[in-house]
Amino acid sequence: MNAGIRFCLLATVAAFPFVLDAAPANSGCELKLGMIGPLSGAATSWGVALRSGAEFGAAEVNKTGGLPVGAEKCKVSVVSYDSKYTADGAAAGANYFASQNVKFIIGPVGSPEATGIKPVAQRNGQITFSTAYAKNAIEPQFPLAFHELSGPATWAPPLAKAAKEKFGFQSIVCVAPNDQGGTDIASVDAEAYRAVGIKASEEYYQRGTTNFAPIIQRILNQNPDAVDTASSPPGDAATMAKQLREAGFNGVIGRLGGPGTAEIIRAVGGVEKLGNFYWLEIVSTDDPGVKALWEEYKELMGQPAPDNTLMIPAVASSRLLLKAISKAGTIDDAAKVAEALRSLPVEDKNLGKGEWTGQKIYGINQELSFPVGMGLIINGKTVGVQKIDTVEAR
Amino acid sequence: MTGRRRGRLVGAAEITALLLCVVAFATPWLTHNLFVLSVINQILIATMAAYSVHVMLRMNLLSFAVPAFMAMGGFAGALVAKHGGTNVLLVGGVSFLVPALIALPLGILILRLRGVYFVLVTYIFSEILQLLLFETPHLTGGSNGISGIPAATFLAQSFSSSAAVLQIAAGLALVATVVTAALCQWCEQPFAAIDENETLAASLGLVIWRFKALGFVVAAGLAGLAGLSLVLMLLTAHPSSFSPLSSVNYITYAIVGGRASILGPAVGSALLVFAGNIFSSQGEYSPGFFGVLILLVVFIARGGITGAVHTLWSRRRKQPASLAASTKLQDLA
Amino acid sequence: MHGIISAGIIGIGLGAQYALLALGFTLIFGVLGVVNFAHGGFYVLGGYVGYWAVSSAGLPYPVAVLAAVVATAALGYLFELVFVERFVDEQLATMMLTVGLYLVMSTGVLAGFGPEPADFAFPVTGSWHGGGFFIPWANLIVLGVCVLAIAAVYLVLYRTDLGRALRALADDRPVARAQGIRPHLLFPLAFALATGLAGLTGAVVTPILTLSPHVGDSVLATSFMVVILGGLGSVTGSTVAAFVVGLIEAYSDVYLGGSKGALALFLLVLLILIAKPSGLFGREARRA
Amino acid sequence: MSTGGTGAARLQLEGVSKRFGGLQVFKDITFEIPPGDLLGVIGPNGAGKTTLINVISGNLPPTQGRILLGKQNVTGKPVYAMSRMGVVRSFQQTNVFRNASVRENLARALRFSGAEGGSWRGIAELLEALGLAARLEEPAEKLPYGLQKMLGLMMAYATSPKVLLLDEPAAGLERRERARVDALIDHARNALGCAVLLVEHDMELIRRICPRIMVLEAGSVIAAGAPDEVLSRPDVIEAYLGPGDSEGP
């Protein structure tokens, strides 16, 4: 047993230099941008997209010789941490970054992660830019927590209205997984549909379901005009769309909540078979500015960008964050940078003009809003992505 | 003679485990590195959860119900802290007792199952509890969980910093270690007999269900303490913290550490949680590294880390004595 | 009435899928006494090998399915030989080994193919419609494959020397050994047979549903539930249980909704096991 | 409830039957064994002898009939309860805690039965006679087969039973070791006042120590009485001794 003790002590002792070694070498000015998100498990692609966006933002600045902070020019690098889509993973990540003196974090991605990281990051003095669609993704009591893109409460009302105008349906079923990643979006979607006079109901399935035939049958029993796959993961949404069409459902399929349009089109067997379909694009992807970003990424990074639009707001928020750091003139004081962030004009090279929103929904104006897009396929023909202004109904 | 030797050996393991808790309690004075504090906090939580697995393993029962009991303890503690009182003794007591009390009737139903049947039923129980959390939004906050939990207090002192949260975890882990050690010591012979040959034990008059129920109830309480500790670390009781598949992690900690002694859960948790945190900064390949580590440990260290160390130790020290052999075999059983 | 029949058809479809999944799992459990936590990993791997064979190697789909079976069986054989064999009598160790393997496999697939769902489509589309009901052709084909696979497994188990030896090992290992049956030759074969079945399932089912690196998790949970409900290592039991689970899932999901439906399914399985502790077709536990 | 070994009690079966689904293992078995008495049960393999022990010991519930211990009806009680009331069995295969030492095995028997305390003294002499006394610290699995079997019997004895159910205690033993079984049974009858039920294939042993025996064939009692008389009956020879296998397996 004594050897057991020795082993423990050795392990503990061995752990310290490893961790402490990681502390930043303070020669020159080096700015580390953290990225927290799922890099394993079913939500990996979102974490990867976020990391790519942050890396692109860093590379842009480095190309110009570094970020001017006070008198120095800082080289920006990105470090990432796999938070596994869990609250404790994200909290551990925030602490890991704190130990490396990383004060600015792009991410986390999911609702559990946002829940887990808020108090810890606040305590550690770290700014976060979460993409979670949770109803409490940002809160007044956590002034360092920012939201990277507009949430369902912002875009669902205008999109629901636009969808009703385009397709004229009277009833809809919103379907999503039964955890926070599903309920916090589908319930907001349903509310938005109801607000424009559509009869909306919600269906939640067990996360991890692979065969949706029974859920589809249940939805069809309600005989709706349309089905909204909300924030179901891309693979789930694709399977549902396919099984809906196989079951003879000819109504409109919508997707207000997450990416995955390509998968859905593929699963159903092409745009013609999909018929009528509308979806949220978190940015207006057909804009020339946005389209240019993919080219710029390839040119600067030497490889194509990940095929996931979540990268775009990550680029925008990295740029804005870096700008704020420069303006605040500090790479340590998160509160000062947050102050600068709030005061900066929201304007992005590729996305155009945006604004800080969120007061009405979260009670704090720290949501980075750019116009979103509504993609449309009408009668089996791709119509493209229309820009939708989400300016908060004040 | 054998008994005395065994007693002394087990004692050493227990004292070491207790000392580790004390060291963990003292870490805030040794370092302010937040990552170190956070990792040690996670290790403490994992150790308590692995104790829960360990107690059941002593009776050759593999329990996947740990996340379920953690959730009960965590949510019960959160509710009490929010609406009742934040005294750490009160909150800790509730988070031990609630799962323990629920485990009693549940145990009577499922403890006659053995082997993989027990594994499956406990796993299903974890799934059911997760779904119940989703389906009871008024009590548990549904899929959003309970947030805004006030920091725990003790003697007018509030524990809100990372260091203080770690110290609470260390205190709870100390209690968990004492409870586990006391139970395993007191029930050593019955547990070992149930583990090896239930039929024989029963025919000698051992009231098996009584010990199984006792073990199950205590294991549930230990998991409850782990759940509370997790909730206090995150200041949130969230269903995603208690996913049914996370039971595989706790089982892995307990088995990789070795089921021979109470140090097993602590050693397994320390190694694997530490490694998991380091791997997490390696991005999407972290599960792969973790998998390789498990394969290596199982392949090299038969009987878990403590088991392998123990085997080496007794082989080196007492080559000829059948005494050492007898204790070794007993411990590795 | 119409709804009840539709749900029944869906349940049978689910049951076929689960039966195919559980077949390999129950074989490994029955013969080796090993709970294979990497079962879902072999399912995913089968899907990806099929996908690769179709999309990169340009093979026709049936050949791709064959390739998936061969690849997963080969990997299973090797894994048993190198890792499991030494620990075959230690249930906890083998569990840990298969957990480790699963993590490595899913990371490997992620590294090789990326996190996005793969574009792997079933070559046959469309549905059969009749009398107000419909069945996708693809599901009928899976049902057919399921029947064939189960028949094949029965043939192997009850009509060949290999099968007799495997059954002897499943019944009583010491006695089988005493009769000259050599486990260290047969265990890798049994493991390969089982993982090959998982690979087959993956190659046939993932193009109908989704193929991404992490679809293996729920596959493991379902197979496990089906196999235990059926009774340890009983091929007949797991097949029957697969359809029982499929039907319960279909009816509870259709009539109660996804979340409550899952709750109902789990509660029913729990109740069945409490009432009948050795599963629907289980003999008394193999070791007293 | 008395758990010690002081009180003696009579074991009585009244019309006990056991059926597994469609399979009738035995039916309508009636007998009694007074304290200190010994009943031998013989019969061909598959006659239901071990199942009979399983039913009396509480491992299996009977389908019909009553089992009485003294005046108390103990039908259908679980194993541990039967054991604590003094009805204790041994197993046909060696059944000991292989990973524990001999001493621990015996300590468990004493502790689990509730017969702790001075009972070590009560078994010391017998331990010597059975050849176990010198090997108390050895792990049970290191013992030779015969001693493991003795340990199994010794553990049953150590619980201070009132009724001892012995399932082929001599099977697999060498000839010279069989005398130890005699010693144990004598001890149980004389020192504890045990009622003993002995299932055995070893006809020499049966003839040697059993005052009366019962022949079970296909689940029915076909003969009962003194060994010499019963074993010379033609139907018994036909049913059982005919094949000529008078030795255990």
Side-chain angles (χ1 to χ4, degrees), chain B residues 1-7 9-10 57-60 108 111-112 114 185-214 259-261 303 307 310-311 314 318 320-333, chain D residues 1 3 53-54 56-60 77-91 93-116 135-143 151-152 154-161 164-165 167:
Chain B
M1 250 187 81
T2 314
R4 214 174 334 127
R5 263 188 58 86
R6 288 185 43 72
L9 273 173
V10 169
L57 271 182
R58 287 258 172 151
M59 293 179 287
N60 202 18
I108 289 170
L111 278 169
R112 59 204 187 99
R114 277 189 259 171
Q185 187 84 324
W186 185 51
C187 298
E188 187 189 2
Q189 294 295 327
F191 280 2
I194 292 172
D195 175 23
E196 199 193 326
N197 194 336
E198 213 175 299
T199 316
L200 177 58
S203 76
L204 292 173
L206 187 71
V207 190
I208 294 195
W209 67 264
R210 210 177 274 168
F211 287 93
K212 281 191 171 175
L214 176 67
R259 53 195 286 233
S261 92
H310 197 182
T311 312
S314 38
K318 289 236 172 182
S322 57
L323 273 178
S326 81
T327 45
K328 182 193 87 189
L329 287 160
Q330 173 68 32
D331 278 2
L332 290 180
Chain D
M1 177 171 79
T3 52
I53 286 193
N54 282 333
I56 303 173
S57 67
N59 290 86
L60 294 171
K77 294 232 190 258
V79 187
Y80 67 85
M82 291 301 268
S83 174
R84 296 202 145 209
M85 283 185 289
V87 181
V88 178
R89 66 171 300 179
S90 78
F91 293 86
Q93 272 88 32
T94 63
N95 215 345
V96 296
F97 299 108
R98 297 172 57 83
N99 296 329
S101 68
V102 172
R103 181 190 293 277
E104 274 174 320
N105 267 286
L106 292 167
R108 282 179 194 172
L110 292 172
R111 173 169 172 192
F112 296 168
S113 61
E116 209 140 9
R135 315 185 74 151
L136 280 180
E137 309 306 339
E138 275 181 52
E141 64 176 355
K142 291 274 164 68
L143 295 180
L151 178 57
M154 201 55 226
M155 285 161 74
Y157 180 88
T159 63
S160 310
L164 196 52
L165 311 167
D167 195 356

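First the proteins, then the strands, lettered A, B, ... as listed; each starts at 1. Since the structure is predicted, the reported quantities are computational estimates derived from the model, not experimental observations.
Listed by first then second residue, pairs satisfying side chain to side chain donor-acceptor pair (under 3.5 Å) with a partner in residues 200-210 of chain B read B:Trp209-D:Tyr80, not counting sequence neighbours.
When all heavy atoms of D:Phe112 and B:Ala193 are compared, the pair lying nearest together is CE1-CB, 3.4 Å. Taking every heavy atom of both residues into account, B:Gly205 and D:Ser83 meet most closely at N-OG, 3.0 Å.
A distance of 7.5 Å separates CG of D:Asn105 from CD of B:Glu196, quoted to the nearest 0.5 Å. The CZ atom of D:Arg98 lies 12.5 Å from the CG atom of B:Leu200; values are rounded to the nearest 0.5 Å.
Put simply, the side chain of B:Asn197 does not reach to within 4.5 Å of the side chain of D:Phe91, judged on heavy atoms.
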Quiz prompt | side chain to side chain contact (heavy atoms under 4.5 Å, CB included) evaluation trace for B:Leu206 with D:Arg108 | solution = CA-CA 9 Å; B:Leu206 187 71; D:Arg108 282 179 194 172; over 6 Å; no

Quiz item: Given the rule in the side chain to side chain contact (heavy atoms under 4.5 Å, CB included) test, do D:Val79 and B:Ile208 qualify, once you have shown the distances and angles that lead to the verdict?
Solution: CA-CA 10 Å; D:Val79 187; B:Ile208 294 195; over 6 Å; no

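Across D:Val96, D:Val88, D:Asn95, D:Asn59, the residue that shares the most heavy-atom pairs under 4.5 angstrom with chain B is D:Asn95.
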